[in-house]
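Structure, as structure tokens:
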Amino acid sequence: MGPTAPFAVDIDRISLLGEPLMGGKAATVGSLRQAGLRIPDGFCITTHAYRRFVSHNGLEPLISLELGRKPLEGMRWEELWDAALRIRLAFLKAPFPTDMADVISEFHEALGREKTLVVRSSAPGEDSASASFAGIHESVLDVIGRDSLFRAVRSVWASLWSDAALLYRRELSLNPLTSSMAVLVQEFVESDVSGVAFSRDPLDTSAQTAVVEAVPGRCSDLVDGLIDPERWVLSRVDGEVLTRSVGKDELEANTRKLLLEKDLKMIWRILLRIESLIGNAVDLEWTGRNNGYTVLQARPISTVARDNDETRSWYLSLRPAAKRLKALSERVAGILIPELEALGHRFNEECLTDRHDNTLADALTERLEAVEHWRKVYWDEFIPFAHGVRQLAQYYNDRVCPDDPYEFVGLLKGENLLALERNQRFEQLAMTLKANPELFQATRTYTKDLAEERRYQGFLTQARTLPGGKQFVSALEKLLEEAMNVSYGSHRLASHPEHLLHHLIELAQLPTGQRSLEVHSKASSRMELENRLFSGVGTENRAEAEEILAIGRLSWRLRDDDNILLARLESQLLKAMDIALKRLSDSGRLEDSSGIAKEEDIAIVAAALRDPQHPPILLSREKKVKSNDLGNRRKEKPRQLLGQPAAPGTTTGLVRIIEDVDDLPNFKAGEVLVCRAIEPTMTHLVPLARAIIESRGGMLIHGAIIARELGIPCVNGIAGVLHLLKSGDLVTVDGFLGIVTVGAPEFDLEQVTLGS
Amino acid sequence: MSEFEEPALAGLFPATMAEEDPGVSIQDQIRALMFEQPYAVLCTQGGGQPYGSIIAFAVNQDLNAAVFATPTATRKFRLLSECDHVALVVDNRSADPGDISHIHAVTATGRAVDLSNYDAEDHWQKLLIDKHPVMHDFVCAPSTALIRIDILRYFHVTRLQEVYQWAPQHPSQ
């Protein structure tokens, strides 16, 4: 494509220029319009314009930098989402070159400045028989005015770099860095009825049928899955209607036919015409009825394997539509979380120790089933709802265009996360220790010796007699019962009061305000950011912004809480398992009572409980292998490791690797906490940490959330960090840039004298 | 009990991927750079002043020594005579100048040895000329000194900021 390639082309000239410049969608609608089909007026902003925009604003190096932070195949979805968020913001903030802006404005003027427009992606190769990007790239509806048009074009271009687009392109082995995108701008046309139609039913393997679906009003409600359509299956031989079905909404309303026989005939003829023009079975979006039919878009039906298509659907499910999120928020907050919380409470209230063997086995099975059920709920509903924060992030960035892509996090400050509430109680206990030297001393002495159950009881008795001790013990017991009754790995944290006391001693010794000294936060207040958002959206969209903000905040809070509540449930399963194993051990039905039982053993344990004569069972004990046990497989030493800048600040300290519950008591205040990921159940360690390093990456994962709340530098997403570092290593953590420097600079090796 | 997290793209991204050792050998990457790149920047120092010069170089198979030639009347030769602590910077930035994240670079640190007084000079001369045949006359000129750098350590940089250190073995160690 030479320097004379146009920035924009009228829809009537599209068919002359071809797909590399126009993209798949525009090239198709251009050729259909050329062939006389009714297609809305419009113009196409070419891939040349996209490339010029990218080079004019230096976006290519930025994209390379974001995607080159680590190998693409090693990036988790959260990390790709973060990269996509940063890239999107860069696109939204980038100005159009003046000459390009003038050309687009001229085309806009010619189309009608006041008209409502639809702005669609049109990437080369996006809709072909071998790949379908349907729904992956963005379309923007209801665009009115020049500024909105320019904003829509930027966001459509940026959607080439969305998380779903990057993942799907990689799935198809397409190089994201060579991708480009044209944009189709058309007049928005909406008739009485809209829908989709397939000249060959993609679900019919015999390829004998076609399908038409219709909804009242606009097509986007159908495409987004917000309305169940009325559906007709037609014979591919003559277009005759074979079956008709209606969505459940229609069924309840006892139905009217959105399309008559003659309408279906008309759509069938359009389908055949387009199929013959494109040379492939097609699906199309249409709108019309009494005043004829307009084709909104058409594309070849992909012949790729179904599971590939399912993969695309899965990527799309990563970002549920706004209406689905709203419905989810009501269900999650109103029904699921209270149910989960109540179940945890009920289990906690149940006394299992005096139960008969059979009913103990019932309780064990019931708890296992409950845990399995709630894990499924977690995946099916809690995780999709977690997207509420991401929806807020994109909404805020799109409207406000802030300098910092994570400025929106300030809107979430002050939400009452369970983990933070627990940390506050933790700090209060530490303050009590600090204020009462005798109590502090007694607690320290206890944590330095072996901590057996009877010694713990002895400690409590002694502590109660010391100044401040009564309240301390009462608050401690309450914290253990209410907040630490969660699982961590295969352990209940409540079963290890010595760990909690050890961390309280560490926290009590921490100089006040030490952490915040090294952080240079410029965070604006929650109120300032709210005002920024509301003025960005304008009064007409204030209600929409408020709703997205409310969903985002709820999603943020529950994202953490649901993990803790689920861990409480798991803790109750572990408690039942402990009691059951003791029962079996006492009655000679357990071969070896050492080690940790696994969840897979529950059925065997329950069976043994139900049979008093059961021969001794042998459990498949978990054998732990720590990362450093495997040895550092590299001969090279890491000097500087690159991850994601998850919480700002820089600091230097000694590494402490935390891999399981045995590592918890080794953690000392002021160390750099290195782990696979901070789980919501271990966030009480975070206030003690000088900095956090995680192998799992993402700006919105728990470690990053808590670190940012507490002002602790955090770098995450360093693959293999548990192998690369070991406890005691000196590291400098740069949470601004996502860099961890290992060791101090030295040239000791270079001082040696070698022989010649 | 299992740990919970957001989708790890089951079936597409193995869940353990993030934990795995990055895998590709840094040594292989260093070897590729040192053999494929014809030129390096030699860093010397003198009078408290660092100095950089571009040189044509070659390395041996063990990667523990590099060799280059320089006229004896040059500033770098004089600086080397005063202080044998040197560094070499080798990179592939010319391969993809538009993409900074694709640059691989290595800084080799070590000690410089003037080979004019050693028997093995022919061996090192051949190594250099084999890689740079066009420099034959320059390397063999009476006013040229052949310098070997005993490399003690490599600092390998990728993705702008990811740095690993590797120390090659020396027969005398």
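First the proteins, then the strands, lettered A, B, ... as listed; each starts at 1.
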Pair B:His156-A:Arg639, side chain to side chain contact (heavy atoms under 4.5 Å, CB included): steps then yes or no: CA-CA 9 Å; B:His156 181 260; A:Arg639 301 294 304 185; over 6 Å; no

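- Contact annotation for B:Ala65: neither backbone nor side-chain heavy atoms come within less than 4.5 Å of a heavy atom of chain A.
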Pair B:Tyr164-A:Val742, side chain to side chain contact (heavy atoms under 4.5 Å, CB included): steps then yes or no: CA-CA 10 Å; B:Tyr164 281 86; A:Val742 188; over 6 Å; no

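- Counting non-hydrogen atoms of other residues, nucleotides and ligands closer than 6.0 Å to CZ of B:Phe35 gives a total above 12.
- Residue A:Asp748 touches chain B through its backbone alone, counting heavy-atom pairs closer than 4.5 Å.
- With hydrogens and angles ignored, the 3.5 Å screen pairs a side-chain donor or acceptor of A:Gln640 with a backbone N or O of B:Gln161.
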Pair B:Arg153-A:Glu636, salt bridge (Lys or Arg N to Asp or Glu O under 4.0 Å): steps then yes or no: CA-CA 10 Å; B:Arg153 186 152 43 169; A:Glu636 306 91 7; over 6 Å; no

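- Proximity to chain A is absent for every atom of B:Tyr154, based on heavy atoms less than 4.5 angstrom apart.
- Heavy atoms of A:Phe747 lying under 4.5 Å from chain B belong to its backbone as well as its side chain.
- Shortest non-hydrogen contact noted between A:Glu750 and B:Arg111 is O-NH1, 2.8 Å.
- Between chain A and the residues B:Val163, B:Thr158, B:Ile30, the most heavy-atom pairs under 4.5 angstrom are made by B:Val163.
- In terms of non-hydrogen atom pairs under 4.5 Å with chain A, the most contact-rich of B:Asp84, B:Val157, B:Thr109 is B:Thr109.
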